[in-house]
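Remember, it's a predicted structure, so these values are computed and weren't measured experimentally. Below, chains carry the letters A, B, ... as their sequence lines are ordered, and counting in each starts from 1.
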Number of protein chains: 2
Amino acid sequence: MTEHSGGGRAGGESLLFLTDEQLRKGIEAMFFAYRGFTADPDRILDEQGYGRAHHRALHFINRAPGNTVNNLLSILGVTKQSLNRVLRTLIADGLVESRVGTQDKRERHLYLTEIGVALEHQLSDAQRVRMRAAYRTVGPQAVSGFRQVLEAMMDPELRRKFNAARESRK
Amino acid sequence: MTEHSGGGRAGGESLLFLTDEQLRKGIEAMFFAYRGFTADPDRILDEQGYGRAHHRALHFINRAPGNTVNNLLSILGVTKQSLNRVLRTLIADGLVESRVGTQDKRERHLYLTEIGVALEHQLSDAQRVRMRAAYRTVGPQAVSGFRQVLEAMMDPELRRKFNAARESRK
DNA sequence: AGTTTAAGTCAGCCTTGTTGACATTCCAAG
DNA sequence: CTTGGAATGTCAACAAGGCTGACTTAAACT
């Protein structure tokens, strides 16, 4: 079952980076880094009485204003009941606006209000501060590798969506 | 509030990798990649009636057998009540053994049993398959960058623990 | 006219996190 | 030897945020 890589079968270049031990370290690093990655926004969210789910909604509404609920659901990968609970509070609190579609009136298009944008900026600024510091520390080449590995780890369907967004925003 | 990087102030090398847009893409990539990263073990855990919390406990007990509960708590960053609930089921199911300390009998040292090891392997194998595929796709240099960025994003205290483990296992 | 789709809602369940209170056991310092 | 504090474990209660299932409404498609 366990595929033991590295060791004997190096070709032109060393495959030592594929040993189980190296992969295990990568797994742990991913766990610890994700914690650091969410720590700062989590603190802000907590003060405002929101959670990580609200942050995700704000992020993706901000990224693609006017997106429909269904679209958001497929990006976030949660049920509509779960998303709706979050969306309802954001709309009630005046951070998100839900507009009836002009083409198809069944659809609701989501937009951040002014104060929604303000909170989203506060959250993403906090997150970017950490990420910018990390990026600066390691330099552009390491960052390029980072992004390559992350993309390769995504589910293909999500990678498609991820790169589609890249297209539309240049 | 927003710190606009990139654009004008490039020195010797381009700082375009530090623009808000690049950082935002990094944040999203992290979100999607983490989902892919946990997807495979999550499926296995679900079949067995366990959750991600059980996986984390199994992982870190396996990594450092004989670790105390307190130590595990500080690594996982949860409350003892939360960990205990998970630990109790794992012990009841015979996946984890809790031995009273010989030096200090208040401490409990945690070990995986044979079937605990078996499940841990099943889980980490699934996770490694995806990571190995990603690593192979992008090559050793990208992997090195990946690891550098992850380490730089961790909280310093956790980075210390992370690297301490590297020491002890070579 | 009938079916499908988008969205929303209600109810109930689960996991996994949290606090707070409390008991036990044991080490170590006075 | 006693007592304070540390390590562990447990109970109860709660919240966030997932989930399923059932059902409504409105609009669009066929």
Side-chain angles (χ1 to χ4, degrees), chain A residues 31 34-35 38-39 41-61 66-93 96-111, chain B residues 31 34-35 38-39 41-61 66-93 96-111:
Chain A
F31 170 65
Y34 199 77
R35 280 251 298 275
T38 54
D42 279 355
R43 266 188 293 275
I44 295 167
L45 288 158
D46 200 55
E47 289 164 14
Q48 314 265 332
Y50 295 123
R52 222 174 270 182
H54 299 86
H55 185 186
R56 291 198 281 263
L58 291 174
H59 173 96
F60 285 106
I61 294 171
N67 232 335
T68 63
V69 172
N70 242 4
N71 218 304
L72 194 53
L73 281 175
S74 78
I75 290 170
L76 293 174
V78 297
T79 59
K80 70 176 170 178
Q81 293 92 329
S82 214
L83 174 59
N84 207 253
R85 183 167 32 200
V86 164
L87 228 38
R88 212 182 314 167
T89 71
L90 290 175
I91 291 170
D93 295 354
V96 169
E97 197 191 339
S98 167
R99 296 188 205 147
V100 173
T102 49
Q103 310 277 320
D104 187 334
K105 289 177 191 161
R106 288 170 305 180
E107 295 179 340
R108 299 300 136 88
H109 298 268
L110 302 169
Y111 299 87
Chain B
F31 170 65
Y34 199 79
R35 281 251 296 275
T38 54
D42 279 355
R43 267 189 292 274
I44 297 168
L45 288 159
D46 200 57
E47 288 164 15
Q48 314 265 332
Y50 294 124
R52 223 176 268 181
H54 299 87
H55 185 187
R56 291 198 279 264
L58 289 174
H59 173 96
F60 285 105
I61 294 171
N67 231 337
T68 63
V69 172
N70 236 10
N71 219 304
L72 195 52
L73 281 176
S74 77
I75 291 170
L76 293 174
V78 297
T79 59
K80 70 177 170 178
Q81 293 92 330
S82 210
L83 174 59
N84 206 252
R85 182 167 33 199
V86 164
L87 229 38
R88 213 183 312 164
T89 72
L90 290 175
I91 291 170
D93 295 352
V96 168
E97 199 189 340
S98 167
R99 296 189 204 147
V100 174
T102 48
Q103 310 278 320
D104 185 334
K105 289 175 190 160
R106 287 168 306 181
E107 295 178 342
R108 301 300 137 89
H109 299 266
L110 302 169
Y111 299 87

[X] has a side chain; which of [options] sits nearest to it?
X        : options               : value
A/Arg106 : C/dA6, D/dG9, C/dA7   : C/dA6
A/Ala53  : C/dT18, D/dG17, D/dG9 : D/dG17
A/Glu107 : C/dC10, C/dT19, C/dA6 : C/dA6
A/Thr79  : C/dT19, D/dC19, D/dT8 : D/dC19
B/Arg88  : D/dA7, D/dT10, C/dT16 : D/dT10

*How are the rings of A/His55 and A/His59 set to each other: parallel, tilted or perpendicular (split at 30° and 60°)?*
perpendicular
*Taking the six-membered ring for Trp, are B/Phe60 and A/Phe31 parallel (under 30°), tilted (30 to 60°) or perpendicular (over 60°)?*
tilted
Give the rounded distance in Å between these two atoms: [atom1] of [X] and [atom2] of [N].
X       : N      : atom1 : atom2 : answer
B/Leu72 : D/dG9  : CG    : C1'   : 15 Å
B/Asn71 : D/dA7  : CG    : P     : 11 Å
A/Gln48 : D/dA15 : CD    : P     : 20 Å
A/Asp42 : C/dG17 : CG    : P     : 13 Å
A/Leu90 : C/dG8  : CG    : P     : 13 Å
B/Leu83 : C/dG17 : CG    : P     : 9 Å
B/Leu73 : D/dT10 : CG    : P     : 13 Å
B/Leu87 : D/dT8  : CG    : C1'   : 11 Å

*Closest nucleotide of DNA chain D for A/Asp104 versus for B/Asn84: which of these residues is on the 5' side?*
B/Asn84
_With nearest nucleotide decided by heavy atoms, which residue, B/Arg85 or B/Asn70, maps closer to the 5′ end of DNA chain D?_
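Result: B/Asn70.
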_Under 4.0 angstrom between A/His54 side-chain N/O and D/dG17 OP1 or OP2_ = yes
*asked:* Is there, by distance only and without an angle test, a donor paired with an acceptor across the side chain of A/Gln81 and the base of C/dG12 below 3.5 Å?
replied: no
*Does the base of D/dT8 carry an N or O that pairs as donor and acceptor with the side chain of B/Lys80 under 3.5 Å?*
yes
*B/His109 near the nucleic acid: base, sugar-phosphate alone, or nothing, with a heavy-atom cut-off under 4.0 Å?*
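Nothing, no nucleic acid heavy atom in range.
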*Name the nucleic acid region contacted by A/Gly77, choosing base, sugar-phosphate or nothing; use a 4.0 angstrom heavy-atom cut-off, strictly under.*
sugar-phosphate
*Qualifying residue, where the test is side-chain contact (heavy atoms from CB on, under 4.5 Å) with A/Asn67 and the options are A/Ile75, A/Ile61, A/Leu110*: A/Ile75
*Between A/Leu58 and A/Tyr50, does a side-chain contact (heavy atoms from CB on, under 4.5 Å) hold up when you go through it step by step?*
CA-CA 11 Å; A/Leu58 291 174; A/Tyr50 295 123; 5.9 Å; no
*Ignoring hydrogens and angles, tell me if any N or O in the side chain of B/Arg35 forms a donor-acceptor pair with the backbone of A/Leu76 under 3.5 Å.*
yes
